[in-house]
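Worksheet: one structure, shown below.
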Amino acid sequence: MDNLVRIALLPGDGVGPEVMAEVLPCLDWLQSRGRRLEIYHLPFGADNFLETGETLPEEAFEELRDGFDAILFGAVGDPRIPDGRHAEEILLRLRQGLELTVNYRPCRPLASGSRPALDIEVFRENTEGPYCLQGSTEPGRAVDLAIHTEPAVRRLLQAAFQRAGSRGCPLTLAHKANVLKHGHGLWMRTFEELREQNPGVAAHGMHADALLCALVQDPTPFGVIAADNYLGDLISDLCAGFVGGMGVAPSISWAPHRPYRCAVLAEPVHGSAPDLAGKGLANPVGMLLSTALLFRHLGSEGEAAALEGAVSIALAEGAKSRDLGGTLSTAAMGRAIRDHLPR
Ligand code: NAD
Ligand code: IPM
Ligand code: MN
């Protein structure tokens with residue numbers, strides 16, 4: 001019998017709660033198939049911050065870190081908090097505090113048949129680079145530090161090499177080592193070392209600017225793309241654009257070295273979409289595919305594939321929210337997808 005899995009749900013802001021609502025029946029469905037879950041809803045986000053002054057209290061962070069196995073996250077960001085302080089103190093705190101080094105962002109056409117022509121998986125380092133949030137604003141001068149450490153770079157690259165090796169696909173490292181001699185110099189050295197240890201993987205580095213042009217011209221030759229936090233953020237949104245846009249792109253982050261009980265967080269690539277919030281217009285596909293990635297990570301491979309399959313079938317049958325050119329609401333999209341889950 002499976003162990004009990006404790007999952008924390010943090011819907012967050014804007015469309016976050018709307019897309020998270022479509023996840024709940026999928027968690028019930030997973031339980032109906034024998035997986036034992038304990039699910040907790042946590043309120044952290046803009047409303048809670050504006051009401052209580054708290055973003056993610058230290059006790060809550062510690063409870064998440066030590067008392068849960070996984071987090072499902074919606075999105076954070078609210079126009080009433082223009083400096084995004086709560087987003088940093090919630091989302092970046094979780095990514096960094098739980099050492100969720102590997103952020104995996106797959107991009108495949110959704111309603112395609114057997115083997116998609118485009119099959120890119122972005123491995124984004126998720127805790128460092130300019131996201132270390134160290135810097136200063138002075139008169140006439142502003143500084144953002146970017147810190148890269150060898151253990152995190154190595155963990156990210158090892159995961160990317162492993163995946164490219166098991167897929168038998170090329171691995172491309174996106175970098176700007178021609179300018180960022182220190183930080184990306186470390187990336188290049190570590191990449192070279194792992195390349196020598198993994199002779200079976202066709203791995204090479206590309207300047208990120210040239211990579212973006214090559215991707216736009218023809219994304220199909222690419223397989224796994226590894227990048228630091230900042231470049232990975234940009235590349236993954238570009239790739240989302242190849243397969244339907246922000247509403248459909250999933251992601252999952254994990255800590256390969258498992259420093260804490262809670263070593264995984266799944267969240268869509270998109271943000272809180274304030275332009276859509278409260279209107280029932282958000283596409284829940286990115287959130288639901290992130291949920292499928294979590295099912296897979298937890299060992300429920302059959303259910304992960306079934307949920308991904310349900311999304312593909314619903315889209316192939318014409319279920320479309322507004323971002324995909326259709327008229328279905330968030331809830332109607334969720335229902336159209338769930339209709340294709342095996343009982
Ligand atoms: P965004 O992803 O929220 O929106 C970008 C575009 O994609 C908008 O046109 C939006 O309507 C569309 N979009 C996003 N999600 C969609 C969905 N589910 N269905 C259909 N269309 C969708 O990015 P942004 O506008 O740059 O940022 C808005 C806020 O979200 C900001 O506060 C930003 O900091 C935050 N943000 C948070 C996360 C996160 O929580 N992981 C990610 C990105 C942005
Ligand atoms: C993402 C977002 C975040 C990031 C923001 C909201 C901090 O764009 O998850 O891709 O830059 O990582
Ligand atoms: Mn982003």
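Both ligands and their constituent atoms are indexed starting at 1 by order of listing.
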**Heavy-atom gap R124 to ligand 2 smaller than 4.0 Å** = yes

**Asked** Under 3.5 Å, is there a donor-acceptor pair linking the side chains of H86 and D13?
**Response** yes

**Asked** Of G77, A87, P284, S272, which has the heavy atom at the shortest distance from atom 30 (O) of ligand 1?
**Response** S272

**Item:** Side-chain donor-acceptor contact under 3.5 Å, D233 with Y131
**Value:** yes

**Request:** Quick one: look at M246 and ligand 2, take heavy-atom pairs under 4.0 Å, and tell me if it's side chain, backbone, both or neither.
**Result:** neither

**Message:** Do N3 and R36 pair up side chain to side chain, a donor and an acceptor below 3.5 Å, judged on atom types alone?
**Reply:** no

**Complete:** To atom 21 (N) of ligand 1, the nearest of T330, L276, N283, I81 on a heavy-atom basis is L276

**Prompt:** What are the two closest heavy atoms between E317 and H340, and how far apart are they?
**Reply:** OE1-NE2, 3.1 Å

**Item:** R35 side chain to S300 side chain, donor-acceptor N/O pair below 3.5 angstrom
**Value:** yes

**Request:** Please report how many protein N/O/S atoms lie under 2.8 Å from the Mn ion (ligand 3).
**Result:** 1

**Message:** With a heavy-atom distance limit of 4.0 Å, tell me whether P274 approaches ligand 1 through its side chain, its backbone, both, or neither.
**Reply:** side chain

**Request:** Below 4.0 angstrom from a heavy atom of E267, which ligand 1 atoms are there? Numbered from 1 as shown, please.
**Result:** 41 (N)

**Request:** Answer with yes or no whether the side chains of R155 and T101 bring together a donor and an acceptor at under 3.5 Å.
**Result:** yes

**Part of R105 with heavy atoms under 4.0 Å of ligand 2, whether side chain, backbone, both or neither** = side chain

**Request:** Determine, using heavy atoms of G286 and all atoms of ligand 1, whether some pair is separated by less than 4.0 Å.
**Result:** no

**Polar proximity ligand 2 side, R95 side, N/O cut 3.5 Å exclusive** = yes

**Prompt:** If you round to the nearest 0.5 Å, how far is CZ of R105 from CG of N126?
**Reply:** 7.0 Å

**Message:** Heavy atoms only, cut-off 4.0 Å: how does D323 contact ligand 1, side chain, backbone, both, or neither?
**Reply:** side chain

**Asked** Do W187 and H148 have side-chain N/O donor and acceptor atoms under 3.5 Å apart?
**Response** yes

**Asked** Does any N/O atom on G271 come nearer than 3.5 Å to any N/O atom on ligand 1?
**Response** yes

**Item:** Protein heavy atom at shortest distance from atom 5 (C) of ligand 1
**Value:** M246 CG, 4.4 Å

**Prompt:** When you check the side-chain N and O atoms of E54 and T52, is any donor under 3.5 Å from an acceptor?
**Reply:** no

Expected list for residues 62-76: side-chain donor-acceptor pairs under 3.5 angstrom, two or more places apart:
from : atom 1 : to   : atom 2 : distance (Å)
D69  : OD1    : R261 : NE     : 3.0
D69  : OD2    : R6   : N      : 2.8
D69  : OD2    : R261 : NH2    : 3.0

**Asked** Just checking, is any N or O donor in the side chain of T190 or E192 under 3.5 Å from an acceptor N or O on the other one?
**Response** no

**Request:** Using distance alone, decide if ligand 2 has a nitrogen or oxygen within less than 3.5 Å of any nitrogen or oxygen in Y131.
**Result:** yes

